[in-house]
Every structure is written in structure tokens, then in C-alpha cells.
Amino acid sequence: GCVMSQRAVETARQNAECTGHVVDPVARQKFEANPSAVPLSDSLSDSEAPPNCLVTYRNGAKEYVSEDILSGKVLGLLFGSNSPICYGFVRGLAKIYKAVKKEASDPFEVVYVSADTSRREFNRFVKSMPWLAVPFRDNAATFERFGVPMDVRTWPKLVIVSPDNQIKYNDATQLVQNCNEGKKPWAFGAILASAWNEAIIKRRFQTLFGAAWMPPH
């Protein structure tokens, strides 16, 4: 018979070791129609991720952190994928994140919820983010739960969620852009403060950002 190239042998070996759900819907359909066609590891979910964990590269290396880290915090859920428009937005949001979140204890965190179908693209993108991400997997159900279309034309979307899981802003991407264009990245924190009634969070944001700066209507 024909001799498989070294590379093909290596790919087959990697695939045989891979477990996980096929994240790319197109690849998944092909795989389900023909189970002997082993999916490439690049489209399989992150099977190393422990349950109820988030992933981050913010200290340089890949680490998993328990989602308990989010409790009591205002959450920015960033929906999108590794694409030029999302990449540009992430650079702007990173400025705001650094201004608003000076210490780990500050009551704000961002989590990237990915529509990526390639693990390589996902990893490359997450490495550029100073915050947390849902490990690489199919997040269609989360997009649906927060009313974000699975449509590249609607991304990025930044949904702001209160500590008791109420949606406070369906999409704060414009606020992020306004604060950056006004060269007031800290103002985003004052906007967050204005959205909360819980005294402790409001107080923490106000001590961080002074009097509430409201965006022009």
C-alpha cells in the first residue's frame, strides 16, 4: 500500500489522542455524517479545561481559574470572534479595563465568550486579552441566552451583567468607544457606578472614579 507521509502519521496520532466536542458546526456535520473521518484537533473543544472554569493567559502562560472569581462582580461578557473588528475593539477595551480594574479585588471583570471555530485562532486572540475567557467550545447556547445573534455582523457585543445576573446594558460597545474617543477610559467606571444600586459596588466604583461622569445622551 501507499506509505503515509510523516506529517500525516503525526496528525493521525494527535487526532487519536484528542477528545472533545467538534466546535465548528460545518466540521461537526461532516463528522456526524461520517464518524470514521476524524476531526482535526484544531476544531475540538478544550478537553483539558476543568468544569466551571475560565481560561486566561494574562500572566503569560495558560491557566484555568474557577468561575467563583466572578462572584459579587459586575461582569462584561464580550461576545465575538478573532476578526479584525473584534481585535480592534479588544485593544480599546483593554485600555478601559486597565483604568477601571486597578486591583484584582475591584468589582469588575470581563469574560470573552467566543464564536471561534478554530482553537488556534481562539488561543491567539485570548493571548492578547488581559481578562478571562470561556474555554474553547461551542458557546451557541450562551449567545442565545444573552440574545446575541450568531452572526459576525453583530459582533463585538459587550453585555454588562450585575452581580445578581441582571442585564444592565445589552451592549456597551458604544460606551467603550465614547470613553476612548474622549480620552477618558476611567469614565467607563463612573458609568458602571451609575447603573448600580448596591451601595457597596457603587461606593467602590465612586471611590475609584470620583463623581459620576455621564455620557451625553
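- The shortest heavy-atom contact between Pro135 and Phe122 is C-CZ, 4.0 Å.
- Taking 4.0 Å as the cut-off between side-chain N and carboxylate O, Asp42 and Arg120 count as a salt-bridged pair.
- For Trp131 and Tyr97, the ring centers are positioned less than 6.0 Å apart.
- Nearest heavy atoms, Lys157 versus Asn170: CD-O, 4.4 Å.
- Under the side chain to side chain contact (heavy atoms under 4.5 Å, CB included) criterion, Ser128 pairs with Tyr87, Val90, Phe125, not counting sequence neighbours.
- Side-chain contact between Ser43 and Thr117 is absent, with no heavy atoms from C-beta onward closer than 4.5 Å.
- Each of Asn123, Thr56, Asp46 was checked for a side chain to side chain donor-acceptor pair (under 3.5 Å) with Lys62, and the lone residue meeting it is Asp46.
- The salt bridge (charged side-chain N to carboxylate O under 4.0 Å, His left out) contacts involving residues 131-142 comprise Arg28-Asp138, where partners must be two or more places apart or lie in separate chains.
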Working for side chain to side chain contact (heavy atoms under 4.5 Å, CB included), residues Leu175 and Phe188:
CA-CA 7 Å; Leu175 289 177; Phe188 192 76; 4.0 Å; yes
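- Alongside Val111, the hydrophobic cluster contains Leu54, Val65, Ile69, Leu70, Leu75, Leu77, Phe79, Val113, Leu132, Val134, Phe143, Phe146, Val148, Met150, Val152, Trp155, Val159, Val161, Ile167 (criterion: ILVMFWY side chains under 4.5 Å).
- Between Gly72 and Pro107, the shortest heavy-atom distance links the atoms O-CB, 4.4 Å.
- In this structure, Glu144 places its CD atom where only 12 or fewer heavy-atom neighbours from other residues, nucleotides or ligands lie under 6.0 Å away.
- Smallest separation of non-hydrogen atoms from Ser81 and Tyr112: CA-OH, 3.2 Å.
- Arg58 meets the salt bridge (Lys or Arg N to Asp or Glu O under 4.0 Å) test with Glu109; sequence neighbours excluded.
- Side chains of Tyr57 and Glu63 form no contact here, defined as non-hydrogen atoms less than 4.5 Å apart.
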Criterion side chain to side chain contact (heavy atoms under 4.5 Å, CB included) on Asn139 and Ser114, from CA distance to verdict
CA-CA 7 Å; Asn139 290 313; Ser114 141; 4.2 Å; yes
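- Looking only at side-chain heavy atoms (C-beta outward), Val74 and Ser162 stay at 4.5 Å or farther from each other.
- Take Glu121 and apply the salt bridge (Lys or Arg N to Asp or Glu O under 4.0 Å) test, not counting sequence neighbours, and it matches Arg124.
- In this structure the side chain of Ser118 never reaches within 4.5 angstrom of the side chain of Asp24, judged on heavy atoms.
- Residues satisfying the side chain to side chain contact (heavy atoms under 4.5 Å, CB included) test with Thr173, not counting sequence neighbours, are Phe89, Pro156, Leu158, Asp171.
- Looking only at distances, a side-chain donor or acceptor of Lys101 sits under 3.5 Å from a matching main-chain atom of Phe108.
- Annotation: side chain of Asp116 is in contact with side chain of Phe136 (closest heavy-atom distance under 4.5 Å).
- The CE atom of Met129 lies 13.0 Å from the NZ atom of Lys127; values are rounded to the nearest 0.5 Å.
- Among all heavy-atom pairs drawn from Arg119 and Ser45, the shortest one is NH2-O, 3.6 Å.
- When all heavy atoms of Cys179 and Ile96 are compared, the closest pair comes out as CB-CD1, 3.8 Å.
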